[in-house]
Amino acid sequence: MFCILFYKFLFFLSDFLEIQRKSFYWFLNYQFGKEFSISQISLLRDVRRPFDKKQASPGQLFNYNFLHNNYKFLRPALNIQESIIRAKTYCCNFYIPVEFNFSNESVIQWVFLGTLPLLTRRGHFIINGTPRIVLNQIIRSPGIYFNKNKNSSSNSKSANLYYSEIIFQRGPWIRLEIDYKKKIWISIQDIARLPLETFLKSFNKKYKDNILLQKNIISKTSSLRRSLPSHLELGQIGRFRLNKKLNICVQSLSLTPIDLVAITNKLYNLTLGYESFVDDIDDLKNRRLKTIGELLKNQLTRGLIRLKNFFIKKNKKFDQIIETSSPSKVLKNLMKISALNCQPINSTFKEFFHSHQLSQYLDQSNPLAEITHKRRLSCLGSGGISNETAGMEIRGIHRTHYGRICPIETPEGRNAGLVNSLTIAVSLNFQGFLETPFVEIYKQHLQNQKKIVFFCVEKQMSQNVFFNQKLWKSKNLFVPIIKSQTQKKCAVNHIHFLAFNPQQFISIGATCIPFVEHNDANRALMGSNMQRQALSLLKLEQPIVNTLNSFRILSDLRDIPTTGVSGVITYISSKVSKISNPKIIYENQPISKSNIFRLEKIFFQF
């Protein structure tokens, strides 16, 4: 029985730090170059000479293009230990080839654009010799959300009035609401509420003749056009969710007038009672996780925007060089200005790691405190919410948290419910939504315990899932399941999936509490926080009552030497460790003296 449980925990549950490592790998290999492909500057300059004023000459184009598929990273100058000793940042320089064009000439040159802090295999960064961690942020997913007006119950005229909120990947929120006269209004950040037809006139001119019927343009249109962002970007996730909810098929990743017309039609159907659908903003199908890779990607975008602005500020120097240089040396002299340098990107990364709310000093009291800190998620920070505006609804436990967010472990105080921990079996899909494992069942029989299915909330609601590993054989028995926003009952023979593990709904710290199921909720909360203080660091002893995750904490943290072969530890010293099996004797050199106790603990414990 022990071998089976240990086998399940060791091989079926993913690495506890897999989310951090995969996210950073995704950023380096798939998103780093894409940000440079978007960024390019084209400047049109008139190159007429003073003695050629009578002759009209056309302006010529000076621009640069990033060859984004050929960027390279250099090996770090200092390793992790040297970075800590010298109080430096563990990072690497990155270069990218840039093609400079002027007139009919073009030159390709490698340009040093900045340094990127690197993630260690233990899942943290070394910034100025100090370990720092970037928390995962849980935010509302880009898309559209419909809700009922809270003030509709007090006024009979405004009964059954609805509004919709559009959340963008980049850009402000937009709110569309309908009044009791069935007129659509739109609100956007600092702009006063406007009729939808006025907004459409300023939003996209080419749709004015086809969609709008009014001919008079209101005076507010000119001010709206100046303050409206050029692109309201939904992103791939926002576009997918918007098309699905509105039953449309639009390929553009930005907001279009077709979307606004579809939203208007939906609001009319809700108001007239043809549809009755309201979104729950606390449901995890409407909230996604923003990991380390996505946060660094946003900082790189900000750095490239600063680089563009810095390049544009050099306009006067460009004009002087074009006027004074000979035609054969214009391009070389333009490149010597150093309009592309590493300062904008480096300053952006430096501000993020030093002053951002999600960047924190790593808690290294013991291995449990460290791995808990790395698996923590927060609702705070830019793009999230603040302590002052957070109500009790968002702090509470939602039914969709099962298997994804721990209902027990959370800080005490004003951050209660806003900072949570991931469960032991949670995983992340490609869209950033949390998933939890289930085992398939057919006619009350398990099909294959080795085949595990990971479901996000949206897929889980379409199946009959029973949150227990045991299922009774009686056909007349009804068990509770979760459907939509309510809890229903279902016959046992109609159950499709069972819970994978009884501990999959709690975090690592909560699983270290012996017999946590017999504790009171408040007592378990205090116990999960105290576990990070109870585990010894210098002198390790075998506990009387132990849980299986103590081994996983040490192995997944990569704080101890690991080997790629299986066997028995036959010899350990400060310089050599020997592991033998029937086929090979593996020797690992060297080994730090501080890790010998942890190796001995693993050996004697199991």
Side-chain angles (χ1 to χ4, degrees), residues 31 34 38 137-149 161-178 184-189 191 194 196-197 199-200 202-204 206-207 210-212 228-272 274-290 294 297-298 301 383-384 400 428-435 456-462 484-485:
Q31 298 298 319
K34 286 184 179 180
I38 303 173
Q137 186 184 26
I138 185 166
I139 59 173
R140 294 176 66 177
S141 174
I144 184 169
Y145 302 94
F146 293 92
N147 209 337
K148 194 173 183 180
N149 197 342
L161 296 183
Y162 292 84
Y163 67 91
S164 64
E165 290 180 338
I166 308 174
I167 300 178
F168 299 94
Q169 186 177 4
R170 295 175 186 172
W173 291 15
I174 287 182
R175 174 168 173 164
L176 281 81
E177 56 186 5
I178 187 171
I184 304 295
W185 297 82
I186 188 168
S187 304
I188 174 172
Q189 206 164 6
I191 304 174
L194 291 173
L196 181 61
E197 58 269 16
F199 178 80
L200 283 172
S202 301
F203 183 61
N204 203 322
K206 67 180 181 179
Y207 287 92
N210 299 328
I211 297 177
L212 302 177
L228 189 66
S230 58
H231 292 288
L232 298 174
E233 186 176 348
L234 289 165
Q236 294 182 354
I237 300 174
R239 170 52 62 190
F240 172 77
R241 294 174 61 84
L242 200 71
N243 289 348
K244 186 176 181 180
K245 192 165 290 185
L246 299 177
N247 294 324
I248 58 177
C249 184
V250 179
Q251 300 299 326
S252 175
L253 299 182
S254 301
L255 188 69
T256 63
I258 299 176
D259 301 324
L260 297 176
V261 173
I263 295 169
T264 303
N265 187 29
K266 187 85 170 180
L267 287 174
Y268 278 126
N269 292 337
L270 290 172
T271 305
L272 297 175
Y274 298 148
E275 299 181 20
S276 58
F277 177 78
V278 175
D279 288 303
D280 184 4
I281 60 174
D282 297 326
D283 198 322
L284 286 186
K285 71 177 181 182
N286 299 324
R287 303 175 71 187
R288 60 183 297 270
L289 206 65
K290 188 183 287 187
E294 191 171 352
K297 175 188 172 184
N298 295 339
T301 304
T400 56
L428 206 66
N429 63 6
F430 69 97
Q431 291 184 336
F433 294 99
L434 297 176
E435 296 181 333
C456 62
V457 175
E458 198 164 358
K459 291 182 179 180
Q460 177 185 326
M461 294 306 172
S462 61
S484 184
Q485 300 175 6

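Atom set for the values below is all heavy atoms of this structure, side chains included, hydrogens, waters and symmetry mates excluded.
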Taking side chain as C-beta onward, heavy atoms only, is N298 less than 4.5 Å from K290? yes

With a 4.5 Å heavy-atom cut-off, do F433 and V457 have their side chains touching? no

Taking atom CD as the centre, does E458 end up with more than 12 heavy-atom neighbours from other residues, nucleotides or ligands that are less than 6.0 angstrom away? no

Validation row: E165, N147 side chains within 4.5 angstrom (heavy atoms): no

Is there a donor-acceptor pair closer than 3.5 Å between any side-chain N or O of D279 and the backbone N or O of I281? no

Interatomic distance, S252 atom OG to E233 atom CD [nearest 0.5 angstrom]: 9.5 Å

How close do I167 and R140 get, heavy atom to heavy atom, and via which atoms? CD1-NE, 3.5 Å

To the nearest 0.5 Å, what is the distance between CD on E197 and CD1 on I186? 11.0 Å

State the CG-CD1 distance between L289 and I139, to the nearest 0.5 angstrom. 9.0 Å

Ignoring hydrogens, what is the shortest heavy-atom contact between A262 and I248? Give both atom names and the distance. CB-CG2, 4.0 Å

Could you state the interatomic distance from CZ (F146) to CG (L176), rounded to the nearest 0.5 Å? 8.5 Å

Flag, side chain of N243 to backbone of V250, donor-acceptor distance under 3.5 Å: yes

First locate atom CG of L161, then atom CG of L270, and finally report the distance between them rounded to the nearest 0.5 Å. 11.0 Å

So, for Y162 and T271, which heavy atoms are closest and what is the spacing to 0.1 Å? CD1-N, 4.0 Å

Can you check whether Y163's main-chain N or O pairs, donor with acceptor, with R175's side chain at less than 3.5 Å? no

Would you say that L260 contacts I184 through its side chain, given a criterion of any heavy-atom pair below 4.5 Å between the two side chains? no

Is there a donor-acceptor pair under 3.5 Å between the side chain of K245 and the backbone N or O of I144? yes

Tell me the salt bridge (charged side-chain N to carboxylate O under 4.0 Å, His left out) pairs involving residues 256-270, sequence neighbours left out? R239-D259, K266-E275

Close side-chain approach of R288 and P142, heavy atoms under 4.5 Å: yes

Separation between CG of L196 and CD1 of I263, rounded to the nearest 0.5 Å: 9.0 Å

From the list D283, N286, L434, side-chain contact (heavy atoms from CB on, under 4.5 Å) with T400 holds only for D283

